[in-house]
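Just so it is clear, the values below take in all heavy atoms, side chains as well, and ignore hydrogens, waters and symmetry mates.
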Amino acid sequence: MPELPEVEVIRRDLVPRVEGRRIQSAKIAEPRLTRRRGTPGGVAAALVGRRVKALRRRGKFFIFDLGRDSLIVRLGMTGQLLWSENRHGFRPDQYTHAHLVFQGAGILYYRDIRKFGEMFILPTESVEQTLRVGVEPLGDAFTPEMLGEKCRSSTRIKSLLMNQAKIAGIGNIYADEALFRAGIRPTRRAASLRPEEIRSLRRAIRLVLQAGIRHRGSSIANYRDACGEPGRFAALHRVYQRHGEDCHACGTTIRRIVLGQRGTHFCPTCQR
DNA sequence: AGTACGCCCTGGCCGC
DNA sequence: TGCGGCCAGGGCGTAC
């Protein structure tokens, strides 16, 4: 499932291909993609003839800056953005629900098996307040002090890490992996973390997200980059979906519990 | 405020 | 081979 690193890998793949290019035509064939947030006049109509000034990312959202308006794309569980140029690259199939044709050459396809993703238009000036996502964990603002403030809560630390309104872009995989590297149990109450644990957690979050980007993402089931290639980070997971296997650090069997309705993986010895 | 539950959706997997 | 049933899970609405 695409989280911050996967979205960032795709964004970097797409930047040289779409920035500065004009959208010649657009088609969105699946109404579920646009139903959740209304776009008067329709999303496709808002795109035709517009130039992509910049392609940014905020948490797990893509932001195609078109000037006055922006196209927002969220991949959900199984969404993919796939690039095709000059008969090379992706060919659309039954799960391909939308595409943007760029002037010159190149088609950007949106493919999504489970249709949990969405595409919508926002006025560019209101993107930040509408998306309501918290601090970028790879940004300068994500200091130990800031994480410490967010941890003044009785919620369990994993739920806090996955709360998009507090910290942007961390999903189930990177939450479990960061907590393992910080040696913290996912069930711990956020407010119980000591200052050195906060610092360790911040460092672990940044480390796993950067490693995820470096290895071009975690391909658990459906994730592919913009060229249709899987990422390599899943092979480096220490706990995620490794329940029943030995911890690489201490040999203890990795456990799986359900926390906040999500499968949660941890080492009972390394994480306290 | 925190947590649980159901919903959306469908391929994959299990048992028969 | 096939079919029913269940699961995963990001985000959101609803309920407690």
Atom [atom1] of [X] to atom [atom2] of [N]: distance rounded to whole Å?
X         : N       : atom1 : atom2 : value
Leu33(A)  : dC8(B)  : CG    : P     : 17 Å
Ile113(A) : dG10(C) : CD1   : P     : 16 Å
Gln80(A)  : dT10(B) : CD    : C1'   : 14 Å
Leu131(A) : dG10(C) : CG    : P     : 18 Å
Arg74(A)  : dC9(B)  : CZ    : P     : 14 Å
Ile72(A)  : dG11(C) : CD1   : P     : 15 Å
Asp112(A) : dG10(C) : CG    : C1'   : 11 Å
Glu6(A)   : dG9(C)  : CD    : P     : 14 Å

Any donor-acceptor N/O pair, Arg51(A) side chain to Gly20(A) backbone, under 3.5 Å: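 Looks like yes, one N/O pair under 3.5 Å.
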Do the side chain of Gln129(A) and the main chain of Ser126(A) share a donor and acceptor less than 3.5 angstrom apart?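 No, the answer is negative, given that no donor and acceptor are paired below the 3.5 Å cut-off.
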Is the number of heavy atoms from other residues, nucleotides or ligands under 6.0 Å of Asp93(A) CG greater than 12? yes
So for atom CZ, which belongs to Arg91(A), do other residues, nucleotides or ligands contribute more than 12 heavy atoms lying within a distance under 6.0 Å?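 Buried by this count: over 12 neighbours within 6.0 Å.
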Could one point to a donor on the side chain of Arg114(A) or the base of dA8(C) with an acceptor on the other under 3.5 Å away?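 Indeed, a donor on one side and an acceptor on the other fall under 3.5 Å apart.
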Donor/acceptor link under 3.5 angstrom from Arg262(A) side chain onto base of dG10(C):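 Answer yes: a donor N or O sits under 3.5 Å from an acceptor.
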[X] side chain near [N] phosphate (N/O to OP1/OP2, under 4.0 Å):
X         : N       : result
Lys115(A) : dC8(B)  : no
Thr78(A)  : dT10(B) : no
Arg35(A)  : dC8(B)  : no
Ser153(A) : dG2(B)  : yes

Counting any heavy atom closer than 4.0 Å, what does [X] reach on the DNA or RNA strands: base, sugar-phosphate only, or nothing?
X         : result
Ser159(A) : nothing
Gly263(A) : sugar-phosphate
Tyr240(A) : sugar-phosphate
Arg152(A) : nothing
Asn172(A) : sugar-phosphate
Arg256(A) : sugar-phosphate

Side chain of [X] - closest among [options]:
X         : options                  : answer
Met77(A)  : dT10(B), dG2(B), dG9(C)  : dG9(C)
Gln164(A) : dG10(C), dC9(B), dG11(C) : dG11(C)
Arg189(A) : dC8(B), dG11(B), dT3(B)  : dT3(B)
Tyr95(A)  : dG11(B), dG11(C), dG9(C) : dG11(B)
Gln241(A) : dT10(B), dG9(C), dA4(B)  : dG9(C)
Gln261(A) : dA4(B), dG10(C), dT10(B) : dA4(B)

Identified side chain to side chain donor-acceptor pair (under 3.5 Å) counterpart of Ser192(A) within the set Arg188(A), Arg189(A), Arg194(A):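 Looking at Arg188(A), Arg189(A), Arg194(A), the match for Ser192(A) under the side chain to side chain donor-acceptor pair (under 3.5 Å) is Arg188(A).
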Compare the aromatic ring of Phe116(A) with the six-membered base ring of dG11(C) and state whether they stack according to the 5.5 Å and 30° rule.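 No; by the centre-distance and plane-angle rule, Phe116(A) does not count as stacking on dG11(C).
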If you compare all heavy atoms of Cys267(A) against all heavy atoms of Ile254(A), which two are closest, and at what distance to 0.1 Å? CB-CD1, 3.8 Å
Could you go through residues 41-50 of chain A and list every donor-acceptor pair under 3.5 Å that involves a side-chain atom there, pairing it with any protein atom two or more places apart or in another chain?
| unit_1 | atom_1 | unit_2 | atom_2 | d |
| --- | --- | --- | --- | --- |
| Arg50(A) | NH1 | Ala46(A) | O | 3.3 |
| Arg50(A) | NH2 | Leu66(A) | O | 3.3 |

Bracket string, DNA chain C, 5' to 3' - pairs by Watson-Crick or G-U geometry under 3.5 Å, | interstrand: .|||||||||||||||
Kindly assign one of parallel, tilted or perpendicular to the pair His237(A) and Phe233(A), based on the angle between their ring planes and the thresholds 30° and 60°.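 Rings of His237(A) and Phe233(A): perpendicular, over 60°.
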Any idea how His243(A) and His265(A) line up, ring-wise: parallel (<30°), tilted (30 to 60°), or perpendicular (>60°)? tilted
